[in-house]
Amino acid sequence: MTSNDDYVLQILQENALVGSDQVKHARNMTMNDPSLSIVDALLDSGAISEVDTLCTLGEQFGMKVVTLEDFDIKPEIVELTTSDAAHSSHIIPLYEDENGNLVVGISDPLDYTSLDNLRYKIKREVEPVLATRKEIQDLIERYYQMDSTMDTMLDQISEVADGTVDISSSNNILDDGTATETDAPIIKLCSLIIVEGYKNNASDIHLEPLEKRFRVRYRIDGVLHEVDSPPKRLQSAIISRMKIMAHMKISEKRSPQDGRIQVNIGGRELDLRVSSIPTEHGESIVMRILDKQNLALGLPQLGFFSDDQKTFDSLINLSDGIILVTGPTGSGKTTTLYACLSQINKPDRKIITVEDPVEYQMSGINQVQVEKDIKFTFSAALRSILRQAPNIVMIGEIRDYETASIATEAALTGHLVFSTLHTNDAPSAVTRLLDIGVKPFLVASSVRAIMAQRLVRSICPQCKEDFVASQSDLAFLGALGASLVDSPLYKGRGCSKCSLTGYKGRKGLFEIFRITDEVQHLIFDKESAIELRAKARENGMRTLREDGVRKVLAGVTTVEEVMRVTMGDAQ
């Protein structure tokens with residue numbers, strides 16, 4: 001239990017907590033197991049309880065004894081130490097007291113070395129309190145889970161490299177059977193990197209060679225989080241292994257490559273879309289995790305309120321026309337399109353998609369992969385699939401005049417066409433099509449609606465709490481927030497379920513722009529996006545920020561999140 005068990009034993013005997021027979025029995029236990037201390041033997045045998053021991057030691061050394069069950073630690077306190085330090089010292093930072101001292105939980109009141117090391121590292125005074133070993137260990141695992149897993153993983157790899165661990169029986173979910181025993185440590189490490197990304201609900205995994213280190217980061221709910229990374233010396237081996245798994249050319253290190261990895265983790269099928277690009281310090285790898293269960297998402301799960309869902313439902317069930325989804329990379333456009341196709345995928349409808357690449361494989365839908373090497377582009381594929389007599393066509397992205405022209409012609413000849421554009425808001429998509437070269441009358445006649453979207457992080461339901469809105473919050477909320485004086489808004493306090501961020505998962509903000517007769521006339525006249533937006537607002541369109549404000553008031557997300565993703569949007 002402690003770093004000076006004889007002294008602790010003396011204190012326990014002086015306080016009549018243990019008798020000579022119990023001590024004798026405990027010493028016999030330590031003779032059979034030399035790694036067991038005398039105090040631990042007393043605890044294991046039930047001669048004394050850990051709580052009684054801590055209370056006695058606390059009184060002896062002037063330390064408080066606390067209970068840490070369900071204890072919440074603020075994110076800024078957690079960040080004062082590392083996972084490695086917390087695990088090795090068995091010390092957990094808890095809170096800052098009124099004097100500015102850091103209060104930490106320990107189970108060994110005589111571990112002065114670890115306390116002094118912590119004081120030196122954080123350059124502030126440390127105030128220890130006593131708690132049971134189990135409570136401290138539970139907190140360490142809760143608040144340092146992601147990093148500790150990577151620490152353990154790296155320790156295993158180091159031990160393998162040192163020859164202290166036998167890896168001949170290692171079982172790896174990603175081992176394809178072609179690796180040798182020498183390759184096994186790297187195979188295991190690559191597997192664990194992917195599994196940890198999946199376990200932490202990452203959307204993508206970044207392996208980034210820097211000048212003096214090899215960085216691993218996970219994007220979780222749209223925000224990158226760095227974890228303890230493998231040694232720089234393993235960089236080349238890890239990248240090579242990932243490229244093998246993605247069926248890339250290992251020898252090609254000067255040109256970008258794309259590949260795919262298919263894995264099954266816990267009975268769940270995942271596709272990883274892998275991209276490599278040469279950088280100054282080696283090849284950078286990004287793996288986007290595509291979870292096939294996301295195909296089951298309906299419109300409510302995407303973040304639609306009932307009124308917007310009703311509007312969008314009516315649009316996606318039209319018999320013809322173009323429905324465009326716009327937004328920057330990473331705004332969830334593809335997920336929305338797949339959710340639409342999943343909802344309207346009926347036996348009496350033929351659906352064909354043209355994608356680059358095919359991200360999810362959907363049952364009952366014909367999916368076509370663009371192949372640039374053989375000049376099978378979006379426009380070439382689109383021409384061919386129209387001869388297949390589909391009812392519904394989905395084009396991954398409209399990038400050029402030829403694709404846009406064929407899409408409008410398809411919409412005007414009885415097809416329902418879904419596609420995406422990279423624009424900041426919905427009305428700007430019209431001017432984008434005109435800039436590409438599509439004639440105004442074709443745009444006005446073929447496009448039925450345009451929806452811009454963004455993703456905001458959702459408040460964690462486990463640590464959601466209310467607070468009184470500040471004046472700056474009320475100013476941001478505007479007229480919709482006028483009734484909120486002395487009424488609460490919501491935020492996440494930060495807990496183990498959300499990795500102390502206060503957020504868990506993401507929802508969409510939506511701006512639905514319907515092409516009415518009035519808007520068609522404006523398009524005919526080549527009016528600007530500003531004029532189109534003004535008319536859309538007049539007809540009842542909510543902007544992205546206004547939809548965000550509604551979601552703040554509903555307790556879905558926070559003012560800070562809406563401000564972050566809509567800062568550049570016109571209102």
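Taking the ring axis of Y95 as reference, the NZ or CZ atom of K74 does not stay both within 45° of it and closer than 6.0 Å to the ring centre. Remark: K551 fails to qualify as a cation-pi partner of F510 under the 6.0 Å distance and 45° angle criteria applied to the six-membered ring.
The salt bridge (Lys or Arg N to Asp or Glu O under 4.0 Å) test applied to E127 returns no partner, not counting sequence neighbours. With sequence neighbours excluded, the residues that form a salt bridge (Lys or Arg N to Asp or Glu O under 4.0 Å) with D72 are R493. Not a single salt bridge (Lys or Arg N to Asp or Glu O under 4.0 Å) links D221 to another residue, sequence neighbours left out. With sequence neighbours excluded, the residues that form a side-chain contact (heavy atoms from CB on, under 4.5 Å) with Q462 are C460, C495, K497. Looking at residues two or more places apart in sequence or on another chain, you find no salt bridge (Lys or Arg N to Asp or Glu O under 4.0 Å) involving D466. By the side chain to side chain donor-acceptor pair (under 3.5 Å) test, E561 pairs with R457, R564, sequence neighbours left out.
Using a 4.0 Å cut-off between charged side-chain N and carboxylate O, E283 and K243 make a salt bridge.
A donor atom on one side chain and an acceptor atom on the other are found under 3.5 Å apart for K232 and Q235.
Proximity of R542 to R550: side-chain heavy atoms (C-beta onward) are separated by under 4.5 Å at one or more points.
When the shell of 6.0 Å around NZ of K253 is examined, it contains 12 or fewer heavy atoms from other residues, nucleotides or ligands.
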